[in-house]
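Position 1 is the first residue of the sequence; numbering continues from there. What you are looking at is a predicted structure, and each value in this text was computed from that prediction instead of being measured.
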Amino acid sequence: MKKYLLWTFERGSRPYDVICVVIIAFIFLLPQAVFNDRPDFMRVTNDQAIRQTNDDEGQPVYVVQVKTEQDAIDRLRAWLGETVTISRTEPVYDATGTLVQYSIWVEK
């Protein structure tokens with residue numbers, strides 16, 4: 001086991017090839033959800049049309065489910081019911097690459 005952990009086999013040997021196959025199998029055969037390390041404001045949820053979360057710096061981020069950026073901003077402003085300044089928007093895509101929502105950073 002020590003040889004496998006320290007990777008002491010010669011390149012092209014049978015044990016070296018076995019280790020390579022195990023690593024490749026680990027990467028490609030595990031479900032995609034195991035590697036889902038998206039920040040909370042980039043996660044796709046279907047249960048809420050608008051939800052509030054925070055980014056890594058603690059800034060409030062609203063996630064709005066609509067198809068265009070301007071619709072997302074308008075819907076968020078109507079939902080908040082107050083004047084806000086939009087500092088940044090980012091599209092959020094699902095696993096198939098389809099646009100599903102926008103993350104919107106606001107300054108109150």
Side-chain angles (χ1 to χ4, degrees):
M1 188 55 120
K2 183 178 178 182
K3 288 183 178 182
Y4 285 101
L5 291 175
L6 298 177
W7 198 280
T8 59
F9 298 106
E10 290 293 321
R11 192 173 205 180
S13 66
R14 186 172 303 275
Y16 185 92
D17 292 343
V18 168
I19 292 173
C20 290
V21 168
V22 168
I23 291 171
I24 291 171
F26 175 80
I27 293 170
F28 289 107
L29 296 179
L30 281 176
Q32 189 177 22
V34 173
F35 300 106
N36 189 7
D37 61 347
R38 291 178 141 194
D40 190 46
F41 65 88
M42 296 297 284
R43 293 188 191 273
V44 176
T45 60
N46 293 328
D47 58 343
Q48 296 174 318
I50 299 175
R51 68 182 170 93
Q52 181 182 2
T53 185
N54 294 320
D55 64 5
D56 294 337
E57 287 93 35
Q59 299 295 322
V61 180
Y62 293 91
V63 181
V64 183
Q65 293 182 357
V66 290
K67 296 297 180 190
T68 66
E69 185 175 353
Q70 189 58 48
D71 287 344
I73 292 170
D74 294 342
R75 188 172 188 179
L76 177 63
R77 286 186 173 146
W79 185 74
L80 290 173
E82 58 186 72
T83 304
V84 293
T85 303
I86 307 299
S87 60
R88 187 172 103 197
T89 63
E90 285 186 18
V92 178
Y93 301 95
D94 65 4
T96 63
T98 305
L99 175 67
V100 291
Q101 57 196 21
Y102 282 90
S103 295
I104 303 173
W105 282 256
V106 298
E107 297 175 11
K108 293 185 179 181

**Asked** Run the side chain to side chain contact (heavy atoms under 4.5 Å, CB included) check on Arg77 and Val84 step by step: do they pass?
**Response** CA-CA 7 Å; Arg77 286 186 173 146; Val84 293; 4.0 Å; yes
**Asked** Is there a side chain to side chain contact (heavy atoms under 4.5 Å, CB included) between Val64 and Trp79 once you walk through the steps?
**Response** CA-CA 10 Å; Val64 183; Trp79 185 74; over 6 Å; no
Can you measure from [atom1] ([X]) to [atom2] ([Y]) and round to the nearest 0.5 angstrom?
X: Gln101; Y: Glu90; atom1: CD; atom2: CD; value: 12.0 Å
X: Ile50; Y: Ile104; atom1: CD1; atom2: CD1; value: 8.0 Å
X: Trp105; Y: Glu57; atom1: CH2; atom2: CD; value: 9.5 Å
X: Thr89; Y: Gln70; atom1: OG1; atom2: CD; value: 9.5 Å
X: Gln65; Y: Arg75; atom1: CD; atom2: CZ; value: 7.5 Å

**Asked** Given side chains that start at C-beta, do those of Tyr62 and Leu80 come closer than 4.5 Å, heavy atoms only?
**Response**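 Sidechains of Leu80 and Tyr62: in contact.
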**Message:** Listing request: all side-chain hydrogen bond (donor to acceptor under 3.5 Å, both in side chains) pairs with a residue in residues 10-27, at least two apart in sequence or in separate chains.
**Reply:**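 Counting only pairs at least two positions apart or across chains, no side-chain hydrogen bond (donor to acceptor under 3.5 Å, both in side chains) contact touches residues 10-27.
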**Prompt:** Do you reckon Phe26 sits in the same ILVMFWY cluster as Phe28, going by side-chain contacts under 4.5 Å, direct or chained?
**Reply:**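 Hydrophobic grouping puts Phe26 with Phe28.
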**Asked** Should Val21 and Ile24 be regarded as members of a common hydrophobic cluster, given that ILVMFWY residues are connected when their side-chain heavy atoms come within less than 4.5 Å of each other, either directly or indirectly?
**Response**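 Different clusters.
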**Request:** Write down the atom of Ile86, the atom of Val106, and the distance for their closest heavy-atom approach.
**Result:**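 Closest approach of Ile86 to Val106: CD1-CG1, 3.7 Å.
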**Prompt:** Run the side chain to side chain contact (heavy atoms under 4.5 Å, CB included) check on Val61 and Asn54 step by step: do they pass?
**Reply:** CA-CA 5 Å; Val61 180; Asn54 294 320; 6.0 Å; no
